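Computed from a predicted structure; not experimentally measured. FYI, side chains are in, hydrogens and waters are out, and symmetry mates aren't considered; it's all heavy atoms of this structure. Numbering of ligands and ligand atoms starts at 1, following listing order. All residue numbers in this chain count up from 1 along the given sequence.
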Amino acid sequence: MVETGYEGDEAFRLEVRSWLRDNFPEPLAYCNALIYLNDAGVAAGDDTFQLWRKRVAEKGWGVPTWPKMYGGADLSAAEARIISQEMARIGAFNPMRSNGTMMLGPTLLEYGTEEQKRRHLPGISDHSERWCQGFSEPGAGSDLASLQTKCVDMGDHFLVNGQKIWTSGADHADWCFCLVRTDTSNKHRGISFLLIDMKTPGIEARPIVLISGSTHFCEVFFNDVKVPKENLVGAVNEGWSIAKRLLQFERDSLSEGRGEAPSLLPLAQTHVGVDAEGRISDSDLRVRLITNAMRADAYTRTVQRIAAEAKAGNGVHDGVSALKNLGSGVAQVRAELLVEILGHGGLGWSGDAYAPEALEATRAWLHSKCFSIYGGSYEVQNNITAKRTLGLPG
Ligand SMILES: Cc1cc2nc3c(=O)[nH]c(=O)nc-3n(C[C@H](O)[C@H](O)[C@H](O)COP(=O)(O)OP(=O)(O)OC[C@H]3O[C@@H](n4cnc5c(N)ncnc54)[C@H](O)[C@@H]3O)c2cc1C
């Protein structure tokens, strides 16, 4: 567990600690939070998890820096970090993490009209409104600005036709924040940012099965979908700047908590065994475990330091692409080490012959492959770091 790397408000820290002691349901400690936070997962219906979500929503601590009127707690960035540090300290997690809280919410706070904020932010903050991200298309992934989903101004509404792909949680989402093409003559300045109600006639979401066995994302088809004019965020053809800002929020939130997973050492001691001096008996595995733990710790401290340095702004900093890659790498190596520690158990993908934790570890390892793809691929993040942080030519 990583202790705090910078000063905080100690009185507030004690208040958070006490609240968590009274309100965090112990059975959720150190669980694989992803099984709850994935909207497609049945585990999200679990009563204990729902109770935890309700308590955090009432407190406004799912989105602590948002104004109270939108479901937040009006706290500073430093106080928000104390909450997440104190949660990590006891193996708790933020149950409100979603596309809405991590991506759309902060974007609407900057670019939305007052009416859009009042309409959507409270539902995002208590999770009664679930969102999916309609950005990628079959011909537009890394080169996102090539997107072709067509949007025509029909006078009293917009008409949308086209296809999105890899849309996480689209089959469960109430709404989609979507990039559409409003001008074919200008690649970047021909894109607009729309909020689309997924119940609108003409929308079809078809789930895609992943290598891990889950159906995390979908293909989404739009056939003559009518979108009210008031659902446009920003101006027509100005959606690319908004999308870039949203992607920064996405990458920033993806780097959160990556280095704070529980230590694998006790598990390795049990499954692999220890030598006469009490060390993990496989020296090669031991070195790799320690290396990963040290990288995770260094990574977490770097995230904290950069966040503290950026606290004068809104918390999103230039190093977000580099951190996304570092955090993904640490988490991917950890997932692989866990499977290795489990030995034969780590080979199971389904069936009664394997313990549920072993099956979950295998699937988590397979799932970890996507950490370096979603939110922008590894290579593309390196390009961004080279250009924006290191000032190298494009
Ligand atoms: C689990 C998961 C969930 C996702 N959820 C969503 C979602 O909810 N909404 C959404 O819109 N999208 C989502 N995505 C899509 C994701 O954003 C894209 O997969 C990603 O941006 C890469 O695009 P692509 O798949 O089209 O690959 P491509 O862009 O075709 O890239 C293929 C390969 O080429 C490399 N490459 C491409 N361009 C360059 C370059 N200029 N320099 C060097 N290498 C390059 C890439 O790094 C990659 O290795 C999700 C993806 C995954 C895996």
Side-chain angles (χ1 to χ4, degrees), residues 34-35 37-41 97-104 107 130-149 160 162-181 187 191 193-196 198 203 205-222 239-240 242-254 258 320-322 324-325 327-329 331-332 335 363-388 390 392-394:
L34 280 180
I35 64 169
L37 299 178
N38 173 2
D39 283 336
R97 272 175 72 98
S98 68
N99 288 337
T101 59
M102 297 189 299
M103 298 187 239
L104 182 65
T107 307
R130 293 179 295 181
W131 286 81
C132 62
Q133 177 191 32
F135 279 21
S136 305
E137 295 182 4
S142 300
D143 185 13
L144 184 58
S146 299
L147 62 96
Q148 294 300 327
T149 292
V160 177
Q163 185 197 341
K164 295 290 171 180
I165 195 163
W166 319 130
T167 321
S168 301
D171 48 342
H172 295 265
D174 304 300
W175 285 81
C176 176
F177 48 92
C178 195
L179 294 181
V180 291
R181 178 143 307 281
K187 185 174 176 182
I191 293 172
F193 193 111
L194 283 186
L195 308 177
I196 303 182
M198 290 296 280
I203 301 180
R206 293 186 200 154
I208 303 169
V209 181
L210 268 85
I211 190 175
S212 64
S214 75
T215 49
H216 180 103
F217 48 32
C218 299
E219 293 177 284
V220 181
F221 298 88
F222 297 91
W240 184 242
I242 305 175
K244 281 195 297 184
R245 186 72 175 132
L246 182 141
L247 288 171
Q248 270 195 319
F249 288 125
E250 177 177 15
R251 287 162 195 160
D252 196 48
S253 64
L254 288 176
R258 279 277 195 241
V320 69
S321 292
K324 197 231 163 204
N325 278 355
S328 304
Q332 283 173 331
R363 285 166 186 255
W365 166 62
L366 290 166
H367 180 76
S368 73
K369 301 292 170 196
C370 71
F371 294 166
S372 45
I373 304 173
Y374 62 46
S377 72
Y378 180 82
E379 291 78 10
V380 168
Q381 297 317 298
N382 277 346
N383 284 348
I384 295 172
T385 303
K387 200 168 151 190
R388 293 212 198 122
L390 302 176
L392 297 173

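The environment of Tyr378 atom OH is sparse: at most 12 non-hydrogen atoms of other residues, nucleotides or ligands sit within 6.0 angstrom. Atom CH2 of Trp240 has more than 12 neighbouring heavy atoms from other residues, nucleotides or ligands inside a 6.0 Å radius.
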Under the side chain to side chain contact (heavy atoms under 4.5 Å, CB included) rule, what do Thr149 and Val160 come out as? Steps first, then yes or no, please. CA-CA 7 Å; Thr149 292; Val160 177; 3.7 Å; yes
When you look at Ile165 and Ile208, which way does the side chain to side chain contact (heavy atoms under 4.5 Å, CB included) test go after all the steps? CA-CA 9 Å; Ile165 195 163; Ile208 303 169; 4.2 Å; yes
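Residue, atom and distance of the protein heavy atom nearest to atom 44 (N) of ligand 1 are Glu379 CB, 3.4 Å. When only non-hydrogen protein atoms are considered, atom 25 (O) of ligand 1 lies nearest to Trp166 NE1, 3.7 Å. Looking only at heavy atoms of the protein, atom 3 (C) of ligand 1 is closest to Ser168 OG, 3.3 Å. Summary of contacts: the protein heavy atom closest to atom 9 (N) of ligand 1 is Gln133 O, 2.7 Å. If you check which protein heavy atom lies closest to atom 36 (N) of ligand 1, you get Ser142 OG, 4.3 Å. Of the protein's heavy atoms, Val380 CG2, 4.0 Å lies nearest to atom 39 (C) of ligand 1.
Annotation for ligand 1: atoms under 4.0 Å from non-hydrogen atoms of Asn383 are 40 (C), 41 (N), 42 (N), 43 (C). Near Cys370, meaning under 4.0 Å from any of its heavy atoms, are these atoms of ligand 1: 1 (C), 53 (C). Residue Phe135 has at least one heavy-atom neighbour below 4.0 Å for each of these atoms of ligand 1: 11 (O). Shown in contact with Ser377 at under 4.0 Å from a heavy atom are these atoms of ligand 1, numbered in order with element: 46 (C), 47 (O). The Gly141 neighbourhood of ligand 1 comprises atoms 21 (O), 23 (O), 24 (P), 26 (O), 29 (O), with distances under 4.0 Å to a heavy atom of that residue.
Backbone and side-chain nitrogen or oxygen atoms of Ser136 are examined, and one is located within less than 3.5 angstrom of a nitrogen or oxygen of ligand 1. For ligand 1, none of its N or O atoms has an N or O atom of Tyr374 under 3.5 Å away. In terms of polar-atom proximity, Thr167 is not counted as a contact of ligand 1, lacking any N or O under 3.5 Å from an N or O of the ligand.
Note: Phe371 and His367 have perpendicular aromatic rings, judged against thresholds of 30 and 60 degrees for the angle between ring planes. Between Phe193 and Phe135, the ring planes lie perpendicular to each other; the angle is over 60°, past the 30° to 60° tilted range.
Annotation: salt bridge (Lys or Arg N to Asp or Glu O under 4.0 Å) contacts involving residues 131-143, sequence neighbours excluded, comprise Glu137-Lys164, Asp143-Lys187.
Residues Gln163 and Val220 have side chains not in contact (no heavy-atom distance under 4.5 Å, counting atoms from C-beta outward). At least one side-chain heavy atom of Gln133 sits less than 4.5 Å from a side-chain heavy atom of Leu247. Put simply, the side chain of Cys178 reaches to within 4.5 Å of the side chain of Phe222, judged on heavy atoms.
Counting protein heavy atoms under 4.0 angstrom from atom 32 (C) of ligand 1 gives zero. Using a 4.0 Å threshold on non-hydrogen atoms, atom 5 (N) of ligand 1 counts as touching the protein. Taking a distance limit of 4.0 Å, we find that atom 19 (O) of ligand 1 is approached by some protein heavy atom. Within 4.0 Å of atom 52 (C) of ligand 1, at least one protein heavy atom is present.
Checked against ring-ring contact (aromatic ring centres under 6.0 Å, His included), Phe217 has the following partners two or more places apart in sequence or in another chain: Trp166.
When the options Glu250, Arg245, Lys244, Arg251 are evaluated for a side chain to side chain donor-acceptor pair (under 3.5 Å) with Gln248, the one that passes is Arg245.
The shortest separation from a heavy atom of Tyr378 to ligand 1 is not under 4.0 Å, leaving the residue out of contact.
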